[in-house]
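Below is one structure; the comments refer to it alone.
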Amino acid sequence: AGSASAGCAGGPGAGQLCCLREEGERCGRAAGNASFSKRIQKSISQKKVKIELDKSARHLYICDFHKNLIQSVRNRRKRKGSDDDGDSPVQDIDTPEVDLYQLQVNTLRRYKRHFKLQTRPGLNKAQLVEIIGCHFRTIPVNEKDTLTYFIYSVKNDKNKPDLKMDSGVH
């Protein structure tokens, strides 16, 4: 059984909580490898986003939720054709992040059961999201094959979940 507070692979923010406060409360999510800076604080305060650095935090690592929130705020102001200057500590990665917090707890438990992830019983949503997120990021995806199959499925009306592949009924 894994520990929910151990982090994924021991990266920069592993085992620590996000260093941000939102509406006066410290974020309870696990810190990732993205860090918070004064420049980011300035850019989000102009957008009226109510997050700030917790003065008692001993690190600058933020959770994936806040990283995505900051990126979405910054991307909204980006004009067509403009390039980011690239010196932001919030790192852009090749793979898009999936916000597992949007899923219901029952869905997270089904995912855990489907992939037979070993955990201790009675985990809360944040702990489930952390464990499932670590596993989800390890699943290899052949992008070309996935996109090809997706386009084929859409063109052939095979995107309805209740449609039986061998029934011949459309």
Side-chain angles (χ1 to χ4, degrees), residues 1-36 40 44 47-52 54 57 59-76 88-154 157-165:
S3 170
S5 64
C8 290
Q16 301 178 43
L17 294 179
C18 177
C19 68
L20 298 179
R21 295 176 70 84
E22 192 166 5
E23 298 182 20
E25 294 290 321
R26 173 81 181 259
C27 177
R29 298 179 190 93
N33 62 354
S35 59
F36 194 70
I40 292 172
I44 61 172
K47 296 290 182 182
K48 311 272 191 285
V49 177
K50 304 274 192 242
I51 57 176
E52 62 186 6
D54 185 344
H59 61 85
L60 295 175
Y61 297 109
I62 62 176
C63 64
D64 289 338
F65 173 81
H66 282 117
K67 173 184 157 186
N68 293 333
L69 174 70
I70 291 165
Q71 286 177 335
S72 70
V73 167
R74 295 180 77 226
N75 289 341
R76 263 187 254 144
S88 168
V90 176
Q91 300 156 357
D92 290 324
I93 52 178
D94 292 342
T95 56
E97 283 292 318
V98 176
D99 186 6
L100 296 173
Y101 281 98
Q102 297 295 320
L103 299 175
Q104 296 177 354
V105 174
N106 287 340
T107 305
L108 296 169
R109 287 189 181 127
R110 281 199 328 260
Y111 180 100
K112 182 183 85 147
R113 197 168 38 248
H114 176 79
F115 286 103
K116 298 177 176 71
L117 301 179
Q118 296 296 312
T119 63
R120 63 177 173 79
L123 297 178
N124 65 29
K125 185 174 185 176
Q127 293 166 326
L128 280 170
V129 166
E130 181 178 348
I131 290 166
I132 289 171
C134 291
H135 178 264
F136 184 77
R137 287 186 289 274
T138 65
I139 299 172
V141 176
N142 183 325
E143 189 175 338
K144 184 177 178 184
D145 290 349
T146 302
L147 289 172
T148 303
Y149 180 72
F150 174 77
I151 292 168
Y152 167 82
S153 297
V154 170
D157 201 27
K158 300 210 184 300
N159 58 342
K160 295 182 177 67
D162 57 348
L163 183 68
K164 302 286 185 234
M165 296 299 256

Between [atom1] of [X] and [atom2] of [Y], what distance do you get to the nearest 0.5 Å?
X: Phe65; Y: Leu20; atom1: CZ; atom2: CG; answer: 10.5 Å
X: Leu147; Y: Asn142; atom1: CG; atom2: CG; answer: 9.0 Å
X: Ile132; Y: Leu103; atom1: CD1; atom2: CG; answer: 8.0 Å
X: Ile131; Y: Lys112; atom1: CD1; atom2: NZ; answer: 7.5 Å
X: Leu100; Y: Leu128; atom1: CG; atom2: CG; answer: 10.5 Å
X: Leu60; Y: Asp54; atom1: CG; atom2: CG; answer: 11.5 Å

How would you list, by chain and number, every residue that makes a side-chain hydrogen bond (donor to acceptor under 3.5 Å, both in side chains) with Gln102, sequence neighbours excluded?
Asp99
Residues at least two apart in sequence or cross-chain that pass side-chain hydrogen bond (donor to acceptor under 3.5 Å, both in side chains) with Asn124, listed by chain then number, are none
Do you know the tightest heavy-atom contact between [X] and [Y]?
X: Leu17; Y: Arg26; result: O-NH2, 3.6 Å
X: Lys67; Y: Ala34; result: CD-CB, 3.6 Å
X: Cys63; Y: Ala30; result: CB-O, 3.2 Å
X: Cys19; Y: Phe36; result: SG-CB, 4.2 Å
X: Gln127; Y: Gly122; result: OE1-O, 4.5 Å

Verify side-chain contact (heavy atoms from CB on, under 4.5 Å) between Ile40 and His66, making sure each step is shown before the conclusion.
CA-CA 11 Å; Ile40 292 172; His66 282 117; over 6 Å; no
Could you tell me if the side chain of Phe115 sits less than 4.5 Å from the side chain of Ile139, heavy atoms only?
yes
Residues at least two apart in sequence or cross-chain that pass salt bridge (charged side-chain N to carboxylate O under 4.0 Å, His left out) with Arg29, listed by chain then number, are none
For the rings on Tyr111 and His135, is their centre-to-centre separation under 6.0 Å?
yes
Is there a donor-acceptor pair under 3.5 Å between the side chain of Lys125 and the backbone N or O of Tyr101?
yes
